[in-house]
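Predicted, not measured: the structure shown is a model, and the values here were computed from it. First the proteins, then the strands, lettered A, B, ... as listed; each starts at 1.
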Number of protein chains: 2
Amino acid sequence: MGNQMTEMLKGTLEGIVLAILARRSAYGYEITASLRDRGFSDIVEGTIYAVLVRVEQRGFVDVEKVPSEKGPPRKVFTLNAKGRDQLAEFWRTWSVLAERIEELRNTDNQHGEGA
Amino acid sequence: MGNQMTEMLKGTLEGIVLAILARRSAYGYEITASLRDRGFSDIVEGTIYAVLVRVEQRGFVDVEKVPSEKGPPRKVFTLNAKGRDQLAEFWRTWSVLAERIEELRNTDNQHGEGA
DNA sequence: TACCGGTACCTAGTGTTACTGTCTACCGGT
DNA sequence: ACCGGTAGACAGTAACACTAGGTACCGGTA
């Protein structure tokens with residue numbers, strides 16, 4: 001797992017988690033699974049919990065404890081209004097960056113246009 | 001200047017600089033100007049020098065001191081083979097990440113499709 | 001009963017990164 | 001003698017994802 005991906009995830013991982021919560025409420029373990037399904041297979045569980053603590057402290061999500069049949073109670077996160085604002089801001093920032101980088105790639109004709 | 005962009009630049013800025021050097025050799029001040037031209041107007045000069053120190057230490061660039069008529073001698077950076085490899089790796093990682101995030105955006109139908 | 005594995009959550013410590021603020025140094029123009 | 005533009009450099013800071021563990025609950029198996 002290249003650490004390059006690790007560095008690139010900085011600043012985007014939080015948005016990714018918010019985007020997943022925008023679809024439906026979920027708890028940590030579930031979000032981790034969801035990420036794996038979506039190809040983010042290199043993201044470790046502990047990292048997700050750290051992100052969730054952060055978004056909770058910043059007030060982007062509402063939290064509800066739900067008992068589960070197995071293991072400790074689930075901590076279900078629901079995106080709230082502030083979180084939706086943050087998510088919108090994330091998409092704006094991402095769009096700007098992605099656009100500029102794609103322009104850069106188009107003018108960069110050296111990188112073995114193989115694939 | 002949202003700090004969101006700041007965080008997102010982590011992990012991409014180095015690749016951006018390498019991509020600029022892939023087009024032609026340049027010195028720090030020039031690279032900063034080039035970035036401004038390309039819309040990365042929020043990146044500060046000092047940051048670029050830090051990136052250049054890093055890529056030099058990692059051996060991605062060759063360095064040549066060229067006297068200038070004004071100010072101290074220019075430190076001209078040229079992308080070498082190792083640097084081109086690193087750039088290729090950057091584009092690969094970026095493609096993977098960008099693709100996954102775009103998929104996530106497509107399945108996220110909540111974020112006011114304003115623009 | 002005793003143990004293991006899966007579910008679910010949490011935390012301290014580490015390394016990397018970009019920014020802020022400031023500094024040195026050279027030069028031409030006023 | 002001073003200022004602004006060119007060119008480079010650096011210490012300190014904040015934010016971030018990862019490593020590497022740990023706690024707790026439960027069902028199944030030996």
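For the pair T47(A) and dC18(D), the criterion of a side-chain N or O lying under 4.0 Å from OP1 or OP2 is met. Listed pair Y49(A) / dC10(C) fails the phosphate criterion, with no side-chain N or O lying under 4.0 Å from OP1 or OP2. A close approach under 4.0 Å does occur between a side-chain nitrogen or oxygen of Y29(B) and OP1 or OP2 of dT6(D).
In this structure, CZ of R36(A) is placed 14 Å from P of dG6(C), rounded to the nearest angstrom. In this structure, CD of E64(B) is placed 13 Å from P of dG8(D), rounded to the nearest angstrom. Taking atom CG of L52(A) as the reference point, atom C1' of dA8(C) lies 12 Å away to the nearest angstrom. Atom pair Y27(B):OH and dA9(D):P shows a separation of 14 Å (rounding to whole Å applied). dA17(D) atom P lies 9 Å from atom CD1 of I43(A), rounded to whole Å. Regarding E14(B), its CD atom lies at a distance of 7 Å from the P atom of dA18(C), rounded to whole Å. Look at CD1 on I31(A): it is 16 Å from P on dT7(C), rounded to the nearest Å. If you measure from atom CG of L9(A) to atom P of dT19(D), you get 12 Å, rounded to the nearest angstrom.
Among residues two or more places apart in sequence or in another chain, the side chain to side chain donor-acceptor pair (under 3.5 Å) test is passed with E102(B) by W94(A), R105(B). V44(B) pairs by the side chain to side chain contact (heavy atoms under 4.5 Å, CB included) definition with T47(B), not counting sequence neighbours.
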Can you build the contact string for nucleotides 24-30 of chain C? Use B for base contact, S for sugar-phosphate-only contact, and - for no protein heavy atom under 4.0 Å.
-BBS---
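For the residue pair L21(B) and L79(B), the shortest heavy atom distance occurs at O-CB, 4.1 Å.
In this structure, dA30(D) forms a base pair with dT1(C), meeting either the Watson-Crick or the G-U wobble geometry with both donor-acceptor distances under 3.5 Å. Across all strands shown, dA18(C) forms a Watson-Crick or G-U wobble pair, both distances under 3.5 Å, with dT13(D).
With hydrogens and angles left out, the side-chain atoms of R38(A) and S34(A) include a donor and acceptor closer than 3.5 Å.
Using a 4.0 Å heavy-atom criterion, one finds that E45(A) contacts the bases of the nucleic acid, with or without backbone contacts as well.
Checked against dC19(C), dT19(D), dT20(C), the side chain of V44(B) finds its nearest nucleotide in dT20(C). Comparing dC18(D), dC9(C), dG8(D) by their closest approach to the side chain of K75(B) singles out dG8(D). Closest to the E7(A) side chain, of the nucleotides dT19(D), dT17(C), dA8(C), is dT17(C).
Summary of the strand contacts: R54(A) and G46(A) both lie near DNA chain D, and taking for each the nucleotide with the nearest heavy atom, the more 5' one is attributed to R54(A).
Judged by distance alone, the side chain of K75(B) and the main-chain N or O of V66(B) form no donor-acceptor pair under 3.5 Å. Checked by atom type and distance alone, the side chain of E7(A) never pairs as donor or acceptor with a backbone atom of K10(B) at under 3.5 Å. Side-chain N or O atoms of N3(A) include none that pairs as donor or acceptor with a backbone N or O of T6(A) at under 3.5 Å.
For the pair R100(A) and F40(B), the cation-pi test (distance below 6.0 Å, angle within 45°) is passed.
For K10(A) and dT16(C), a side-chain-to-base donor-acceptor distance below 3.5 Å is present, hydrogens and geometry of angles not being considered.
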